[in-house]
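Quick caveat: nothing in here was measured; it's all calculated off a predicted structure. Within every chain, numbering begins at 1; the chains are lettered A, B, ... in the order of the sequence lines, protein sequences first and strands thereafter. As a basis for the values below, the full set of heavy atoms in this structure was taken, side chains included, without hydrogen atoms, waters or symmetry mates.
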Amino acid sequence: MELDPVTEAFYAFAEALASTLGVERGEVERLIVKPPREEYGDYGFPLMRYARARGVEPREAVERVSETLRERGIDWASIELAGGFANLKVDAARAAGRLFKLLEKGWIPGPPRVEEPQVIVVEHTSANPIHPLHMGHARNSALGDALSRLLAARGHRVNRRFYINDAGLQAAYAVLGFKILGLDPLEAAESAGVKPDELVGWVYASTYTAVEAEAAKRSGAPREKLEELALHLARLEEAEPVTGALSRILDYMASSEDPEAEAAKILREVEFRVEPTASLARRVAEAALKGIRETLERLGVSFDAWDWETDLLWSGRVARILEEARRSRFYTRHKGAEALDIPRIVRELVEPDPEARASIKLPRGFEVPPLILTRSDGTTLYTTRDLAYTLYKYEVTGADRVINVIGAEQRLPQLQLRLALLGLGYRREALNLIHYDYEMVNVPGRRMSSRRGIIVAVDEILDEVKARAVEEVRARNPGAPREWIEDVAERIAVGALRFALLRTSAPRPITFDPEKALDLKENSGPYLQYTYARTVGILSKHGPIDYGSADPRECAEPPRRGLMIEALRLPVVAARAADSLAPEDLAVFLLGLADRFNSWYQKESVIHDPNPASRECKAALVELTKRSLEAGLTLLGIPLTPRM
RNA sequence: GGGCCCGUAGCUCAGCCAGGAUAGAGCGCCGGCCUUCGGAGCCGGAGGUCCCGGGUUCAAAUCCCGGCGGGCCCGCCA
């Protein structure tokens, strides 16, 4: 990929510093910052930190770096020493000349490709196929998809996978419900006129709550507990998609010998593929998945593969890893159950291995508990199956790295998973497995509990934001066709949601206030979409840019220069966001770029400028901004619209 | 009880990992632009004990130790 002059200068600067100081290039690249004030330069490196330690005179280092740049033919950038920093300063006029040629050729900004591309699996979303996607999943999808896009743009071969957890206890409750009701999930959803994932979600919550209520009644639970459950059941009955469904489930539980054992029985039958339960389980998961896929499609999130947990069981892969575990020297019994001795793995394999210690962050003063492999009835646990799944992901893709986008609440099992892999001799797989964890999404005033059927659905939020966007778009485009308004409003809703979920770094919890998401103001996805639409509008009024008459020197004027340099930071920002798995860095950068463009545009007229030398130069800057925003937003999975 | 994560302006968040250049944005608030190359915009202003206390350092929002507050986890759930 061809580099713009600013990015080319950045990498040459980094390389020159690295060789001059004898520091690894990656380290230098990481430490280069945008100076706090524009006068200092366009990129700065804290030289004094190294100059002293390496015994290199700062002045001499700057001299050598400048020399290297000249040798490489980069005559549009210079280095200055100031405040202990080596600052790279781009000559805007010369850089603009080179930039115009690129723009004319149709060049699109983007992160430079890495020299050694990897095969990277990104497993994300992987929602239990028993209810619609909720806001937590939306964050997972937004992160997983943005990471995938960034890594792919960086030149890696990315494989996006959705893991269908259809063999767990939660899924068993949904299956149990459908078995009691004698309904085919998809047919029932269709005839009830509800989205299939909603129907499955209702059946799951009702069955789960009914079991709990019956068990509570029999065990003589306190009155408050019974009342609370009765309240939940009343609410579920009100939302009943199939008439009489709840009372049928309740009656069944009332006459069951042991309600709590019912789901366990289903679980067993699914795991060991006992018909007809196994087939019903598939149909339940497929129905839920149909709804989930629709939501994902709305969000613009796609996958390369959908992996069934039951396939891992039924193909014998889980049994195989279980056998390996049993033969392992770390095999043990924990409270009577089959387990892997994680504390011993830590002592024998992690502590003496510096690389493993660095890769696997162990909590201090806390012993990671043994990993239980099977229940006493012989069925496996989630992490046991995930062991098989992780190896499967490596095996079918030849992956160098596997990234699991999974909520922070699963840190402990994900840590156990990596340690277990290490114990079973899969060191490479363990050390290259990344748990990309993120905190929850809180919605004010709404407590979520999918077990009670109380969820804040992605569809619901999207519809809410879209309804508001429809009004806004209609008001601004009187007489526009209805379908066009709908389409634009949908893009705005998706953009608003995805941006809100990406701009905060993953380890911080998000409070998602639908009221504020509806407020399509600055610092939002729609603000970026609006700025993009603005560039498109200006350019279409201006017509084709005549690069021949544009004077590059006109781009050296302070406000124009700043905009140009800023827009040309995109490649480096995107590369860093990809390498450090931090899409929020790109999101924050795009806001700054939009601010800068809007601010500049307020001051200078583009199409009314009578002087072609400056007019075409300014039009080129609008074109550059448009392409940078387009590239950046696309990397984040935020849809664009030329008009809104 | 223990572990992990978070704590920066009234609110939402950058900066922290890899210590250094006057701590930054946006929202909200106050005052302007109101002759729209797209006002979902622009300009200006007020607003900060960087949770607290120690320590390391020439230099700490950033590193270390001890607290405080919030969230999550410590299940034969996931």
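- Counting any heavy atom pair closer than 4.0 Å across all strands shown, Arg643(A) reaches a base atom.
- Comparing G1(B) with A18(B), their P atoms are spaced 32 Å from each other, to the whole Å.
- Counting distance only, with no hydrogens placed and no angle test, the side-chain atoms of Asn87(A) and the base atoms of A21(B) include a donor-acceptor pair under 3.5 Å.
- The interatomic distance linking Glu27(A) (CD) with C17(B) (P) rounds to 13 Å, in whole Å.
- Rounded to whole Å, the C1' atom of C76(B) lies 22 Å from the corresponding atom of C72(B).
- In this structure, of C37(B), A40(B), C42(B), it is C37(B) that holds the atom nearest to the side chain of Ser605(A).
- Among the atoms of the strands shown, none is found under 4.0 Å from any heavy atom of Ala339(A).
- Within the model, atoms CD of Glu630(A) and OH of Tyr532(A) stand 4.0 Å from one another, a figure rounded to the nearest 0.5 Å.
- OP1 or OP2 of C42(B) lies within a sub-4.0 Å distance of a side-chain N or O belonging to Tyr527(A).
- Checking the phosphate oxygens (OP1, OP2) of C65(B), a side-chain nitrogen or oxygen of Arg364(A) falls inside 4.0 Å.
- Every residue two or more places apart in sequence or in another chain that forms a side-chain contact (heavy atoms from CB on, under 4.5 Å) with Val470(A) is listed here: Lys466(A), Arg474(A), Ile485(A), Glu486(A), Ala489(A).
- Between the CZ atom of Phe589(A) and the C1' atom of G26(B) there is a distance of 17 Å, rounded to whole Å.
- No contact: Pro46(A) has no heavy atom under 4.0 Å from any strand.
- By the stacking rule of 5.5 Å between ring centres and under 30° between planes, Phe85(A) stacks on the base of A21(B).
- The residue Ser505(A) sits close only to the backbone: its heavy atoms come under 4.0 Å of sugar-phosphate atoms, none of a base.
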Scoring nucleotides 71-78 of chain B by protein non-hydrogen atoms under 4.0 Å (B base, S sugar-phosphate only, - none) yields -SSS-BBB
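- Checking Arg560(A) against Ser614(A) by side-chain atom types alone, no donor-acceptor pair falls below 3.5 Å.
- The residue Pro370(A) sits apart from the nucleic acid: no heavy atom pair falls under 4.0 Å.
- The side chain of Glu472(A) lies closest to A40(B) when the candidates are A40(B), C37(B), G3(B).
- Gly84(A) comes within 4.0 angstrom of no nucleic acid atom, judged by non-hydrogen atoms across all strands.
- Side chains of Ser580(A) and Arg576(A): no donor on one and acceptor on the other come within 3.5 Å.
- For the OP1/OP2 pair of G38(B) and a distance below 4.0 Å, the side-chain nitrogens and oxygens of Lys626(A) include no atom meeting the criterion.
- Shown here is Arg357(A), whose CZ atom has more than 12 heavy atoms of other residues, nucleotides or ligands within 6.0 Å.
- For Arg508(A) and G7(B), the shortest distance from a side-chain N or O to OP1 or OP2 is below 4.0 Å.
- Taking atom C1' in both C63(B) and U56(B), one finds a spacing of 8 Å when rounded to whole Å.
- Regarding Ile510(A), its CD1 atom lies at a distance of 18 Å from the P atom of C11(B), rounded to whole Å.
- Within 6.0 Å of atom CD in Glu355(A), 12 or fewer heavy atoms from other residues, nucleotides or ligands are found, so the atom counts as exposed in its surroundings.
- For the C1' atoms, the distance linking A14(B) with U62(B) amounts to 14 Å, nearest Å.
- The residues Lys618(A) and Asp609(A) are annotated as salt-bridged, a charged nitrogen and a carboxylate oxygen being separated by less than 4.0 angstrom.
- Nucleotides G19(B) and G2(B) have their C1' atoms positioned 31 Å apart, rounded to a whole Å.
- With P as the reference atom, G45(B) and G54(B) are 35 Å apart, rounded to whole Å.
- Asp595(A) and Tyr527(A) are linked by a side-chain donor-acceptor pair at a separation below 3.5 angstrom, with hydrogens and angles left out of the test.
- Two residues, Ala86(A) and Ile538(A), neighbour RNA chain B, and the one matched to the more 5' nucleotide by heavy-atom proximity is Ala86(A).
- Shown here are the side-chain hydrogen bond (donor to acceptor under 3.5 Å, both in side chains) partners of Thr374(A), two or more places apart in sequence or in another chain: Glu338(A).
- At G41(B), none of the side-chain N or O atoms of Ser599(A) fall inside 4.0 Å of OP1 or OP2 (strictly under the cut-off).
- Taken from CD1 in Ile403(A) to CG in Leu143(A), the straight-line distance is 11.5 Å, to the nearest 0.5 Å.
- Among the heavy atoms of the strands, none lies under 4.0 Å from Gly592(A).
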Apply the test side chain to side chain contact (heavy atoms under 4.5 Å, CB included) to residues Val536(A) and Thr641(A): give CA-CA distance (whole Å), side-chain angles for both, the deciding distance (0.1 Å), then the verdict.
-> CA-CA 9 Å; Val536(A) 173; Thr641(A) 173; over 6 Å; no
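- For the C1' atoms, the distance from G20(B) to C65(B) is 23 Å, rounded to whole Å.
- With both pairing distances under 3.5 Å, G31(B) is matched to C43(B) as a Watson-Crick or G-U wobble pair.
- Regarding Ile545(A), its CD1 atom lies at a distance of 19 Å from the P atom of C37(B), rounded to whole Å.
- Among the protein residues, Glu367(A) comes within range of no part of the nucleic acid, since none of its heavy atoms lies under 4.0 Å from any strand.
- Distance from the side chain of Thr504(A) is smallest for A14(B) among the nucleotides A40(B), A14(B), A21(B).
- To the nearest angstrom, C1' of C34(B) lies 11 Å from CD of Gln602(A).
- Remark: Lys541(A) is in phosphate contact with G38(B), judged by side-chain N or O atoms under 4.0 Å from OP1 or OP2.
- For the P atoms, the distance from A25(B) to G44(B) is 10 Å, rounded to whole Å.
- Summarising the base pairing, A25(B) is matched to U12(B) through a Watson-Crick or G-U wobble pair whose two defining distances lie under 3.5 Å.
- With rounding to whole Å, Glu604(A) atom CD is found 19 Å from U36(B) atom P.
- Atom CG in Leu81(A) sits about 15 Å away from atom P in A21(B), given to the nearest Å.
- Here A25(B) presents its C1' atom at 13 Å from CZ of Arg596(A), a figure rounded to the nearest Å.
- Residue Asn477(A) is out of contact with every strand shown, counting any heavy-atom pair closer than 4.0 Å.
- Pair check for C72(B) finds G3(B); Watson-Crick or G-U wobble, both atom distances under 3.5 Å.
- Stacking between Tyr40(A) and A21(B) is shown: the ring centroid lies under 5.5 Å from the centre of the six-membered base ring, and the planes differ by under 30°.
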